[in-house]
2 protein chains.
Amino acid sequence: MAITGWQAARDEALRRIRARDWPPGGRIPDEADLAAEWGVARATVNRALRDLAEAGYLERRRKGGTRVPLTPVRKATFAIPIIRQDIEARGQTPGYRLLSDRSDTVPAALRDRLGDGPMRHVTALHLADGTPYCLEDRWLSPRVAEGIRFDTLSANEWLVGNVTFSEGTLAFHAIAADAPLAQTLGCDPGAALLAVDRETRDQGPITWVRLIYAPGYRMETGL
Amino acid sequence: MAITGWQAARDEALRRIRARDWPPGGRIPDEADLAAEWGVARATVNRALRDLAEAGYLERRRKGGTRVPLTPVRKATFAIPIIRQDIEARGQTPGYRLLSDRSDTVPAALRDRLGDGPMRHVTALHLADGTPYCLEDRWLSPRVAEGIRFDTLSANEWLVGNVTFSEGTLAFHAIAADAPLAQTLGCDPGAALLAVDRETRDQGPITWVRLIYAPGYRMETGL
DNA sequence: TGTCGCAATAAGTATATACATATTATCGCC
DNA sequence: GGCGATAATATGTATATACTTATTGCGACA
């Protein structure tokens with residue numbers, strides 16, 4: 001078994017996992033043994049197995065060794081685009097219109113995540129070739145982006161470049177357009193819309209945002 | 001500047017990026033210089049910068065050096081759940097009902113991704129505490145899962161454990177329930193539903209699946 | 001002036017070695 | 001037999017060194 005390079009080692013390990021040479025729930029040989037068997041350094045095996053562990057194919061613990069999970073949880077990484085870039089990547093011309101920007105009391109549904117003080121509430125419409133593309137409905141912690149105006153620059157774009165995205169959650173769901181939403185997005189009432197909620201925090205809440213896309217929008221990603 | 005460990009090196013690099021010490025679009029010192037400055041080995045710097053590059057904070061090219069992207073594209077990793085586990089994690093009892101399993105011609109919309117030969121077409125309903133949870137509409141390459149019956153075991157579950165997820169795409173979108181879909185999922189016609197399309201390929205197509213979730217479903221993930 | 005090829009460069013990788021650290025396993029003691 | 005201290009162990013990390021490779025940029029040549 002001639003292995004050269006950590007990627008080859010990773011591929012061989014993955015082959016064994018899939019071939020059930022290393023059965024689910026079982027423990028695999030330790031790094032030193034694999035290094036000897038494959039004729040590579042232990043650091044190379046380490047890199048290969050660490051990579052597989054990050055992808056969810058293996059579970060590793062100090063002293064406990066490395067095992068194949070009974071139910072592998074596959075992990076997908078996908079890029080969170082800046083909306084403007086997203087539009088440009090489709091070959092369309094981005095547009096932006098600020099709808100409102102004021103201090104407001106946080107709705108009850110968000111109060112447990114954002115606290116109950118007043119927060120800055122920004123709504124804006126993103127356009128592609130002049131037609132509505134995405135509605136941005138954002139709550140901002142007052143101390144973030146203090147004094148920044150979002151007339152021409154979207155909060156989306158400002159935040160991506162200026163804030164640590166150290167922690168947070170992301171959620172996809174579908175909502176039906178009510179009358180005002182339909183009017184804003186220029187679609188039929190009742191249309192099915194993709195919504196993405198994103199919460200960002202870093203020792204306290206930073207921002208909560210819901211992006212509601214025009215009908216037909218697909219958010220795609222490589223696996 | 002006392003740096004010990006690759007994580008400290010990564011943190012210091014990230015601090016400089018955020019503090020604009022290393023401005024967007026600019027090139028940062030090369031690994032050897034940083035290693036000397038921080039008093040660590042180049043391999044340690046490499047690990048740190050590689051990590052930041054994987055997260056989207058830096059762009060690295062051989063010979064070209066390392067630079068701070070003008071518009072950082074943040075990357076989120078999230079786990080793709082097995083439906084049954086997803087339901088169990090909510091404290092509900094999973095159920096499964098196979099609706100159809102037959103060879104069929106691929107619809108025109110999928111033909112460019114799957115080819116135009118006949119493929120195995122499996123539809124099934126996942127239940128949570130007896131109520132419809134998710135409709136699975138799957139096209140399978142005939143050579144995959146040959147002879148496997150999906151009466152009691154869902155294709156979703158079988159594939160996660162048995163197939164290389166080496167390549168593929170993932171897309172989220174929203175669709176409105178038509179009459180038959182509404183009946184299957186037990187919801188009102190016109191309801192907004194979250195749909196997830198997933199295509200898996202490994203030197204040729206393996207499977208294409210659309211999961212359509214019951215109204216109100218949110219797919220959540222850490223960032 | 002343009003372009004082709006070569007040299008310089010910075011990241012990518014491999015290796016042996018050494019030590020750190022989290023866990024597990026074991027042994028002795030009560 | 002239970003429990004706690006201790007030893008054993010597999011992975012995690014750091015280091016110096018050496019070589020590889022993609023890419024850039026420069027210089028020679030047409």
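Quick note on labels: first sequence line is chain A, next is B, and so on, each numbered from 1. Only a predicted model underlies this, so the values are computations on that prediction, with no experimental measurement involved.
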Mind calculating the distance between [atom1] ([X]) and [atom2] ([N]) to the nearest angstrom?
| X | N | atom1 | atom2 | answer |
| --- | --- | --- | --- | --- |
| Asp51(A) | dT13(C) | CG | P | 10 Å |
| Glu54(B) | dA11(C) | CD | P | 16 Å |
| Leu58(A) | dG12(D) | CG | P | 11 Å |
| Glu59(B) | dA11(C) | CD | C1' | 15 Å |
| Leu49(A) | dT11(D) | CG | P | 8 Å |
| Arg47(A) | dT15(C) | CZ | P | 13 Å |
| Ile3(B) | dT13(D) | CD1 | C1' | 15 Å |
| Glu31(A) | dT9(D) | CD | C1' | 12 Å |

- Message: Using heavy-atom distances to pick each residue's nearest nucleotide on DNA chain C, tell me which of Asp30(B) and Thr4(A) is more 5'.
- Response: Asp30(B)
- So which one's nearest nucleotide on DNA chain C is more toward 5', Arg61(A) or Thr66(B)? Thr66(B)
- Query: Just wondering, more than 12 heavy atoms not from Asp116(B) lying within 6.0 Å of its CG?
  - Reply: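 Counting neighbours around CG of Asp116(B), 12 or fewer heavy atoms of other residues, nucleotides or ligands fall under 6.0 Å, so no.
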- Task: Please report the C-alpha distance between Arg120(B) and Trp139(B) in whole Å, then the side-chain angles of each, then the deciding distance to 0.1 Å, and finally whether the side-chain contact (heavy atoms from CB on, under 4.5 Å) criterion is met.
- Result: CA-CA 6 Å; Arg120(B) 185 173 178 185; Trp139(B) 293 86; over 6 Å; no
Which nucleotide wins on minimum distance to the side chain of [X], given the candidates [options]?
| X | options | result |
| --- | --- | --- |
| Arg62(B) | dT21(D), dA16(C), dT24(D) | dT21(D) |
| Arg60(B) | dT15(D), dT13(C), dA11(C) | dA11(C) |
| Lys63(A) | dA22(D), dG12(D), dA10(D) | dA10(D) |

- Query: So, does the side chain of Arg42(A) form a donor-acceptor pair with the base of dG12(D) at under 3.5 Å?
  - Reply: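 Donor-acceptor pair under 3.5 Å: yes.
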Measuring to OP1 and OP2 of [N], would you say a side-chain N or O of [X] lies under 4.0 angstrom away?
| X | N | value |
| --- | --- | --- |
| Asn46(B) | dT13(C) | no |
| Thr44(B) | dT13(D) | no |
| Gln7(A) | dT13(C) | yes |
| Arg50(B) | dG12(C) | no |

- Message: Taking salt bridge (Lys or Arg N to Asp or Glu O under 4.0 Å) as the definition, give me every residue that meets it alongside Arg50(A), ordered by chain and number, with sequence neighbours left out.
- Response: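 Not a single residue meets the salt bridge (Lys or Arg N to Asp or Glu O under 4.0 Å) criterion with Arg50(A).
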- Item | side chain to side chain donor-acceptor pair (under 3.5 Å) between Arg138(B) and Thr207(B), intermediate numbers included | CA-CA 7 Å; Arg138(B) 183 180 294 274; Thr207(B) 181; 3.0 Å; yes
- Can you list the residues that meet the side chain to side chain contact (heavy atoms under 4.5 Å, CB included) rule with Gln7(B), with sequence neighbours excluded?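 With neighbours one apart ignored, the set is Arg10(B).
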- Give one of base, sugar-phosphate or nothing for Arg27(A), where a contact means two heavy atoms less than 4.0 Å apart. sugar-phosphate
